[in-house]
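Working notes for the structure below.
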Amino acid sequence: MRSREDLVGPLFGAAAFQMLNAGCELGLFALLRDKGELAAEEVGDALGLGPRPAEILLLGVTALGLTEVTGGRYRNCAVIREMFEDGSWEVLADIVAFQAQLVYLPLADLVESLRENTNAGLARFAGTGDDLYHRLPETPELERLFYRCMRSWSLLSNPVLVAKADLTGVRRVLDVGGGDGVNAIELARANPGVEFTVLDLPGAVDIARRKIADNGLSDRIDVRVGDIFNDPYPQGHDAVLFANQLVIWSPEQNRDLLRKAHAALPEGGRVMVFNVMSGDTGDGPLYSALDNAYFATLTAPRSMIYSWSHYERWMRETGFDEVRRLPGDTWTPHGVISGIKRAPAAS
């Protein structure tokens, strides 16, 4: 931090997010996409806002760099214009909705979560399970929002998964905790000779089955209901994928999952872990550092964003060799780390 002015971002971070959320919810960014440039009065009239709220909103989003003003006329910043053009704005808008409706209130429990070393924010959700995934079915509208937004998170990061997941020589992939199938669908499109099985809880699998059918991939992507910790993994796969899974669980649970993958794989089989990573130097990236607040307060009692070196160590401890890290090349710190099941030691 170079000066006291640099404290403004952390001090008013809550307000910064709410300005972004308001711009999305009220339709400001979509309005400027359609109209190009508008004066403050025109923005207020179009959004049904009086002069005062329109001025507050425009000052906020413009100071944040989300919009630009020239000669009293406002337009979206270049990045937002680009996202509307390439179709990625819808993904970002879903992520904003996810933060606003699922994450924001539980983040107020970060201090308690850190003191108690558990996900204290989960108490804001109905149910008795000790992780978010087993509580969401108690509130179906939130469960639908969650899986819709998880799909958007996956769409945001899937280019890294598709580019970095090496499926050379692989015949069939088990996608453990594969959610609505978005990862398997994208990988199947990119690897036409490979088949997939999505393993997850009933609510996710029901959605996955429909989406797989809608994409015409039912002949190449199977779905299985199962608890990823307590149920045996289906046999017949030569690769196991954990996509956005191992950030959810404790180190002990992650080692358990990797051991289950090792047991399910043949000799020479491959395990792949894909998710957001933190660096090994303990100072970032910022995306990982701030996203960690969600994992600390909400998902599961011991979840967090781990460093690359954590995964390397766990893979070797659970019997995998030839461990490789493949960072992504985008603005999000996602990457793939893979290992090969070693042959048993000679007796």
Pair Leu167, Phe196 - check side chain to side chain contact (heavy atoms under 4.5 Å, CB included), show working. CA-CA 11 Å; Leu167 299 184; Phe196 297 80; 4.1 Å; yes
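- With hydrogens and angles ignored, the 3.5 Å screen pairs no side-chain donor or acceptor of Asn119 with any backbone N or O of Gly121.
- Between the side chain of Asn254 and the backbone N or O of Leu246 there is at least one donor-acceptor pair closer than 3.5 Å.
- Taking each heavy atom of Ser278 and Pro285 in turn, the nearest pair found is CA-CD, 4.1 Å.
- Listed by first and then second residue, the salt bridge (charged side-chain N to carboxylate O under 4.0 Å, His left out) pairs involving residues 294-313 are Glu312-Arg325 (not counting sequence neighbours).
- With hydrogens and angles disregarded, a donor-acceptor distance shorter than 3.5 Å links the side chain of Asp227 to the backbone of Asn230.
- In this structure, the side chains of Pro106 and Phe125 come closer than 4.5 Å at one or more pairs of heavy atoms.
- With values rounded to the nearest 0.5 angstrom, Asn292 atom CG is found 4.5 Å from Ile305 atom CD1.
- A donor-acceptor contact shorter than 3.5 Å is absent between the side chain of Arg342 and the backbone of Asp321.
- Ser338 approaches Met272 most closely through the heavy-atom pair CB-CG, 4.0 Å.
- Under a hydrophobic-cluster definition in which Ile, Leu, Val, Met, Phe, Trp and Tyr are linked whenever side-chain heavy atoms come within less than 4.5 Å, directly or via other members, Ile207 and Leu155 are assigned to the same cluster.
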Evaluate side chain to side chain contact (heavy atoms under 4.5 Å, CB included) for Leu102 paired with Leu142, printing each intermediate quantity in order. CA-CA 8 Å; Leu102 279 163; Leu142 285 182; 4.1 Å; yes
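- A salt bridge is defined here as a Lys NZ or Arg NE, NH1 or NH2 lying under 4.0 Å from an Asp or Glu carboxylate O, and Arg220 with Glu195 fails to meet this definition.
- Note that the CZ atom of Phe12 and the CG atom of Leu64 stand 12.0 Å from one another [nearest 0.5 Å].
- A 4.5 Å side-chain heavy-atom check between Ile95 and Cys149 finds every atom pair outside the cut-off.
- Taking the centre of each ring, Trp249 and Phe229 come in below the 6.0 Å mark.
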Does the pair Arg210 and Asp180 meet the rule for a salt bridge (charged side-chain N to carboxylate O under 4.0 Å, His left out), with working shown? CA-CA 9 Å; Arg210 292 195 298 271; Asp180 70 351; over 6 Å; no
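- Nearest heavy-atom pair, Leu298 versus Leu122, reported as atom, atom and distance to 0.1 Å: O-CD1, 3.8 Å.
- Between the side chain of Asp291 and the backbone N or O of Tyr287, no donor-acceptor pair lies under 3.5 Å.
- The aromatic rings of Phe320 and His262 sit perpendicular to each other, their planes meeting at more than 60°, with 30° as the lower class boundary.
- Between Tyr311 and Trp314, the two ring planes are perpendicular [angle over 60°; tilted spans 30° to 60°].
- For the pair Asp238 (side chain) and Arg172 (backbone), a donor-acceptor distance under 3.5 Å is present.
- Salt bridge absent: Asp6 and Arg4 never bring a charged side-chain N and a carboxylate O closer than 4.0 Å.
- Within the structure, the side-chain hydrogen bond (donor to acceptor under 3.5 Å, both in side chains) test picks out the following pairs touching residues 124-139 (sequence neighbours left out): Asp109-Arg124, Asp131-His134.
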Which pairs would a plain distance check flag for residues 53-63, meaning a side-chain donor or acceptor within less than 3.5 Å of a matching protein atom at least two apart in sequence or in another chain?
residue	atom	partner	partner atom	Å
Thr62	OG1	Leu58	O	2.6
Thr62	OG1	Thr67	OG1	2.7

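- Here OH of Tyr233 is found 5.5 Å from CD1 of Ile228. Values are rounded to the nearest 0.5 Å.
- Here the straight-line distance linking atom OG of Ser307 with atom CG of Asp280 works out to 4.5 Å at 0.5 Å rounding.
- The side chain to side chain contact (heavy atoms under 4.5 Å, CB included) test with Asp175 is passed by exactly one of Val240, Leu241, Ile221: Leu241.
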Quick one, Phe295 with Tyr306, criterion ring-ring contact (aromatic ring centres under 6.0 Å, His included). Give me CA distance, side-chain angles, the key distance, then yes/no. CA-CA 11 Å; Phe295 290 100; Tyr306 298 98; 9.1 Å; no
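- Note: Phe242 CZ to Ile337 CD1 = 13.5 Å, rounded to the nearest 0.5 Å.
- Of the possible donor and acceptor atoms, one in the side chain of Ser250 sits under 3.5 Å from a partner among the backbone N and O of Gln253.
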Side-chain donor-acceptor pairs of residues 18-47 under 3.5 Å, sequence neighbours excluded:
residue	atom	partner	partner atom	Å
Glu42	OE1	Ala39	N	2.7
Glu42	OE1	Arg73	NH1	3.4

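- Counting only distance, with no hydrogens or angles, the side chain of Thr197 and the backbone of Val223 share no donor-acceptor pair below 3.5 Å.
- Between Val323 and Arg316, some side-chain heavy-atom pair lies under the 4.5 Å cut-off.
- With sequence neighbours excluded, no residue satisfies side chain to side chain donor-acceptor pair (under 3.5 Å) with Glu141.
- Salt bridge status for Asp256 with Arg259: present, with a side-chain N to carboxylate O gap under 4.0 Å.
- Under the 4.5 Å side-chain contact rule for hydrophobic residues, Val273 and Val160 do not share a cluster.
- Minimum heavy-atom separation, Val336 to Trp308: O-CZ3, 3.5 Å.
- Taking the six-membered ring for Trp, Tyr104 and Phe17 have ring centres closer than 6.0 Å.
- For the pair His237 and Val173, the minimum side-chain heavy-atom distance is 4.5 Å or more.
- Listed here is the closest heavy atom pair of Arg224 and Asp222: NE-OD2, 3.1 Å.
- A donor-acceptor pair is defined here as one N or O able to donate and one able to accept, closer than 3.5 Å; such a pair exists between the side chain of Lys341 and the backbone of Leu265.
- Using a 4.5 Å cut-off on side-chain heavy atoms (C-beta onward), Ile248 and Gln245 make contact.
- Residues His334 and Asn244 have side chains in contact (heavy-atom distance under 4.5 Å, counting atoms from C-beta outward).
- Note: Leu107 CG to Leu290 CG = 10.0 Å, rounded to the nearest 0.5 Å.
- Under the 4.5 Å side-chain heavy-atom criterion for Ile, Leu, Val, Met, Phe, Trp and Tyr, Trp89 and Leu156 are members of distinct hydrophobic clusters.
- Through direct or relayed side-chain contacts under 4.5 Å between Ile, Leu, Val, Met, Phe, Trp and Tyr, Leu110 connects to Leu114.
- Nearest heavy-atom pair, Ser113 versus Ala120, reported as atom, atom and distance to 0.1 Å: OG-N, 3.1 Å.
- Within the 4.5 Å cutoff, side-chain heavy atoms of Ile185 are placed close to those of Lys211.
- Screening Arg148, Arg151, Gln99 for a side chain to side chain donor-acceptor pair (under 3.5 Å) with Asp94, the sole residue that qualifies is Arg148.
- Between the side chain of Asp200 and the backbone N or O of Gly179, at least one donor-acceptor pair lies under 3.5 Å.
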Please walk me through it: do Phe84 and Glu90 pass side chain to side chain contact (heavy atoms under 4.5 Å, CB included)? CA-CA 8 Å; Phe84 273 117; Glu90 182 179 348; over 6 Å; no
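- Side-chain contact between Glu317 and Arg255 is present, with at least one heavy-atom pair separated by less than 4.5 Å.
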